[in-house]
Amino acid sequence: MKRLMLGNEAVARGAYEAGVKVSSAYPGTPSTEINENIAGYEDIYCEWAPNEKVAVEVALGSAVAGARSMACMKHVGLNVAADPYYTAAYTGVNAGLVVVVADDPGMHSSQNEQDTRMHAKAAHTPCLDPSNSQECKDFMKIALEISEKYDTPVILRLTTRIAHARTIVELGEREAVELRPYKRDIKKFVSMPGNMRGRHIFVEDRENRLAEEANTMSINRIEWVDRSVGVITSGAAYNYVREAMPNASVLKLGLAYPMPRKLIEEFAAGVDELYVIEDMEPFYEETIKSWGIKCSGKDKTGVQGELFAETIASKFMDKPEPGPMETQSIPVRPPVLCPGCPHRGLYYILGKLKLTVCSDIGCYTLGALPPLSGVDTCVCMGASIGMAHGMEKARGKEQAKNTVAVLGDSTFCHSGITGLLNMMYNRSVGTVIIADNSITGMTGHQHNPSTGFDIHGNVAPQLNLEKLCEAMGIEHVVVVDPYDVKKLEAVLREETSRDELSVIISRRPCALIVKQPNIPFVCDKDKCKKCGMCMKIGCPAIRKTADGVEVDPTQCVGCGLCSTICPFGALNAKGE
């Protein structure tokens with residue numbers, strides 16, 4: 001049977017067919033759909049973990065116990081999971097362990113560009129790089145087989161275009177894979193220095209053996225055509241090379257690391273001019289040049305952003321890139337908080353009070369954009385709390401009274417708890433705001449430990465944020481509805497003025513998952529004074545006109561925030 005599948009969906013199918021038993025993940029675009037699809041296979045236990053470090057530890061424990069296992073995340077998630085992953089490279093596994101990581105060239109939904117192949121090399125572990133959905137499925141099985149043959153965790157690296165593109169996949173049946181026996185082995189699995197010195201020797205030998213086998217692996221293949229030009233490539237870039245340079249000979253690397261030196265030397269000797277065309281960093285190119293092989297690549301494309309067929313054709317084939325008349329002009333749609341978003345009221349008040357806001361990764365990061373313009377810093381998951389604490393320690397209590405840390409409920413569970421504990425332990429007098437919209441919003445409404453539901457939507461134990469904060473010894477924990485902007489302002493003024501640590505839980509469910517009144521508001525033009533106050537909240541349903549403002553009834557969800565802001569009572573629910 002054949003089916004059109006997303007790359008992420010195909011990875012899940014590959015895990016199912018290869019006999020994976022346990023999958024743990026933290027949602028992050030462009031990897032989110034992998035575990036969401038795995039949840040549809042009853043033969044696989046899957047879960048949302050609080051963060052990527054936990055996900056890898058769960059998968060490693062399962063693999064050591066004898067079950068084929070996997071963890072899924074986006075590229076920055078591997079930074080969080082690097083601690084267990086790098087040591088797992090030393091301890092090895094038992095049953096197969098694959099960590100699926102989705103990179104994001106062009107930063108479509110990420111705070112940086114990061115090449116996971118670099119992590120694979122640093123950890124001395126193999127990395128596979130599929131070019132379409134069929135390979136996503138097939139490479140999952142190959143990765144598990146490599147993991148078991150070489151006693152190593154393996155990275156399956158996707159990029160945004162592979163993760164989110166649909167191509168045809170040939171489906172197969174699930175392989176019956178028995179649990180491997182678990183054998184207690186202290187020298188292997190207890191990572192004390194004395195034990196790991198010996199394991200480091202094993203890692204080096206393993207890497208050399210795998211590099212030798214890479215020369216004959218079927219996933220590394222030469223496609224001979226015109227030998228005047230040869231291209232070494234992999235992943236999404238392979239598709240663009242084939243489109244832009246159909247007559248070029250190509251060495252396609254399915255195993256991104258370790259690289260097949262003999263095969264590359266053979267290919268390089270067989271072409272007149274050699275190019276290396278790869279996403280992101282000059283990972284292949286630098287290694288190939290270090291072997292004394294003449295080639296070029298990043299000198300033509302640079303290291304920033306995505307590669308496309310048009311770019312490759314213009315840089316390597318001297319073909320002009322399409323002009324403005326040859327490409328379709330698509331209107332730019334900047335990201336905004338949704339109509340009815342509970343974060344809008346929060347950021348409106350934060351801006352009104354002119355507070356310094358250390359934010360985090362999530363929907364609430366959009367509060368940085370005009371007209372709210374309410375974010376001063378955003379670095380990574382959990383950094384809001386640590387940075388607000390650092391500002392206080394650098395500039396004193398007065399800075400703390402003008403600074404707040406903002407992060408979501410999912411992000412708080414991911415990386416915020418330890419930061420808050422640090423503030424309490426080190427006598428901070430700052431204010432932390434947990435923007436609790438009762439879901440992991442930006443990645444598509446996944447559950448987390450604070451929502452009360454698991455990945456399947458079943459009722460699960462629910463973390464009580466208030467009690468957790470109180471258990472840390474924080475005496476001032478206040479819950480407020482961000483739609484009630486008057487109370488929210490009063491609470492913010494009171495809590496930021498304290499000489500003690502306080503937590504404000506700004507709680508209202510995401511407007512996309514809890515039904516809003518859906519009674520569109522209208523503007524009474526007789527009452528409207530054109531003051532522009534309603535425009536300051538940045539609601540996409542409100543637009544300025546020559547004679548006042550209008551509310552788009554197709555976007556308005558009836559949250560009423562604009563009515564609360566309007567000083568003249570010009571905005572009201574339709575019919576009131």
Side-chain angles (χ1 to χ4, degrees), residues 75 78 85-86 89 98-101 103 105 114-131 135 138-139 142-143 145-147 149-159 162 202-224 229-242 248-271 273-299 301 303 307:
H75 61 291
L78 186 55
Y85 185 79
Y86 275 59
V98 175
V99 177
V100 187
V101 184
D103 288 357
Q114 181 176 305
D115 195 329
T116 292
R117 295 175 299 174
M118 299 290 195
H119 268 301
K121 182 178 180 180
H124 303 285
T125 59
C127 174
L128 281 71
D129 201 2
S131 295
E135 289 187 351
D138 296 343
F139 282 20
I142 293 170
E145 291 171 347
I146 291 174
S147 176
K149 179 178 179 179
Y150 286 94
D151 191 15
T152 179
V154 175
I155 291 174
L156 180 63
R157 177 208 183 222
L158 279 61
T159 56
I162 301 303
F202 166 81
V203 167
E204 184 178 352
D205 176 68
R206 177 186 70 199
E207 190 171 31
N208 291 334
R209 288 185 288 116
L210 185 53
E212 183 63 32
E213 185 182 344
N215 292 297
T216 57
M217 282 185 175
S218 60
I219 59 175
N220 293 331
R221 67 173 188 265
I222 295 177
E223 299 172 357
W224 291 117
V229 174
V231 179
I232 297 175
T233 188
S234 69
Y238 167 79
N239 301 315
Y240 302 139
V241 167
R242 271 284 157 246
S249 293
V250 171
L251 170 53
K252 180 184 184 299
L253 298 178
L255 183 70
Y257 186 82
M259 293 168 60
R261 180 168 181 170
K262 291 178 182 177
L263 187 63
I264 290 171
E265 290 174 338
E266 174 194 338
F267 181 73
V271 298
E273 189 164 14
L274 181 63
Y275 297 131
V276 181
I277 302 178
E278 54 189 322
D279 274 314
M280 306 181 83
E281 301 297 326
F283 183 78
Y284 301 140
E285 185 179 346
E286 288 182 349
T287 299
I288 292 168
K289 285 181 175 177
S290 73
W291 295 337
I293 298 173
K294 184 180 178 180
C295 61
S296 66
K298 290 300 178 182
D299 57 318
T301 64
V303 298
L307 290 176

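Along the sequence shown, the residues carry numbers beginning at 1. Nothing here was measured: the structure is a model prediction, and the numbers come from that model.
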(request) Work out which heavy atom in Ala214 is nearest to a heavy atom in Pro258; give both atom names and the distance. (result) CB-O, 3.9 Å
(request) Please indicate whether Lys121 has more than 12 foreign heavy atoms, meaning atoms of other residues, nucleotides or ligands, lying under 6.0 Å from its NZ. (result) no
(message) Looking at every heavy atom in both Ala237 and Leu307, which two are closest together, and how far apart are they?
(response) CB-CD1, 4.3 Å
(request) Kindly indicate whether the side chain of Val98, heavy atoms from C-beta on, has any atom under 4.5 Å from the side chain of Leu128. (result) no
(message) Under a 3.5 Å distance rule, please check whether Lys294 uses its side chain to pair with a backbone N or O of Glu273 as donor and acceptor.
(response) no
(request) Hey, could you give me the CG/CE distance between Leu210 and Met259, rounded to the nearest 0.5 Å? (result) 13.0 Å
(message) With side chain to side chain contact (heavy atoms under 4.5 Å, CB included) as the test, pick out the partner of Leu255 among Asp129, Ile142, Val154, Ile219.
(response) Ile219
(request) May I ask you to test the Glu135-Lys252 pair for a side-chain heavy-atom distance under 4.5 Å? (result) yes
(message) With a 4.0 Å cut-off on N to O distance, would you call Asp103 and Arg157 a salt bridge?
(response) yes
(message) Side chains of Met217 and Ile146, heavy atoms from C-beta outward: is any pair under 4.5 Å?
(response) yes
(request) Hey, could you give me the CZ/CD distance between Arg117 and Glu278, rounded to the nearest 0.5 Å? (result) 4.5 Å
(request) Check whether any side-chain heavy atom of Val276 sits under 4.5 Å from a side-chain heavy atom of Pro282, and report yes or no. (result) no
(request) Look up atom CZ in Arg261 and atom OG in Ser290, then write down how far apart they are to the nearest 0.5 Å. (result) 7.0 Å
(message) Taking the basic N atoms (NZ, or NE/NH1/NH2) and the acidic carboxylate oxygens, is any pair closer than 4.0 Å for Lys149 and Glu145?
(response) no
(message) Does any part of the side chain of Tyr275, heavy atoms only, come nearer than 4.5 Å to the side chain of Val250, both counted from C-beta?
(response) no
(message) Just so I know, are the side chains of Phe267 and Trp224 near enough to count as touching, which here means a heavy-atom distance under 4.5 Å?
(response) yes
(request) Mind listing the closest non-hydrogen atom pair of Phe202 and Tyr150 along with its distance? (result) CZ-O, 3.7 Å
(request) Please report the C-alpha distance between Lys262 and Glu212 in whole Å, then the side-chain angles of each, then the deciding distance to 0.1 Å, and finally whether the salt bridge (charged side-chain N to carboxylate O under 4.0 Å, His left out) criterion is met. (result) CA-CA 8 Å; Lys262 291 178 182 177; Glu212 183 63 32; 2.9 Å; yes
(request) Compare all side-chain heavy atoms of Leu263 with those of Glu266 and state whether any distance is below 4.5 angstrom. (result) yes
(message) Can you see whether Tyr238 engages Glu223 through a side-chain donor-acceptor pair at a distance of less than 3.5 angstrom?
(response) yes
(request) Enter the distance from Leu253:CG to Tyr284:OH here, rounded to the nearest 0.5 Å. (result) 5.0 Å
(request) Please answer whether the main-chain N or O of Gly297 pairs with a side-chain N or O of Asp299 as donor and acceptor at a distance below 3.5 Å. (result) yes
(request) Locate the shortest heavy-atom distance separating Ala89 from Val203; write the atom from each residue and the value. (result) O-CG2, 3.2 Å
(request) Starting at CG of Asn239, measure out to OG of Ser234 and round the result to the nearest 0.5 Å. (result) 10.5 Å
(request) Give the intermediate values and the outcome of side chain to side chain contact (heavy atoms under 4.5 Å, CB included) for residues Ile277 and Thr301. (result) CA-CA 8 Å; Ile277 302 178; Thr301 64; 5.5 Å; no
(message) How long is the straight-line distance from CD of Glu281 back to OG1 of Thr116, given to the nearest 0.5 Å?
(response) 11.0 Å
(message) Ignoring hydrogens, what is the shortest heavy-atom contact between Tyr86 and Ala122? Give both atom names and the distance.
(response) OH-CB, 3.3 Å
(message) Within the 4.5 Å heavy-atom criterion, are Tyr85 and Ile155 side-chain neighbours or not?
(response) yes
(request) Might you point out which heavy atoms bring Pro130 and Ile162 nearest each other, and give the distance in Å? (result) O-CG1, 3.8 Å
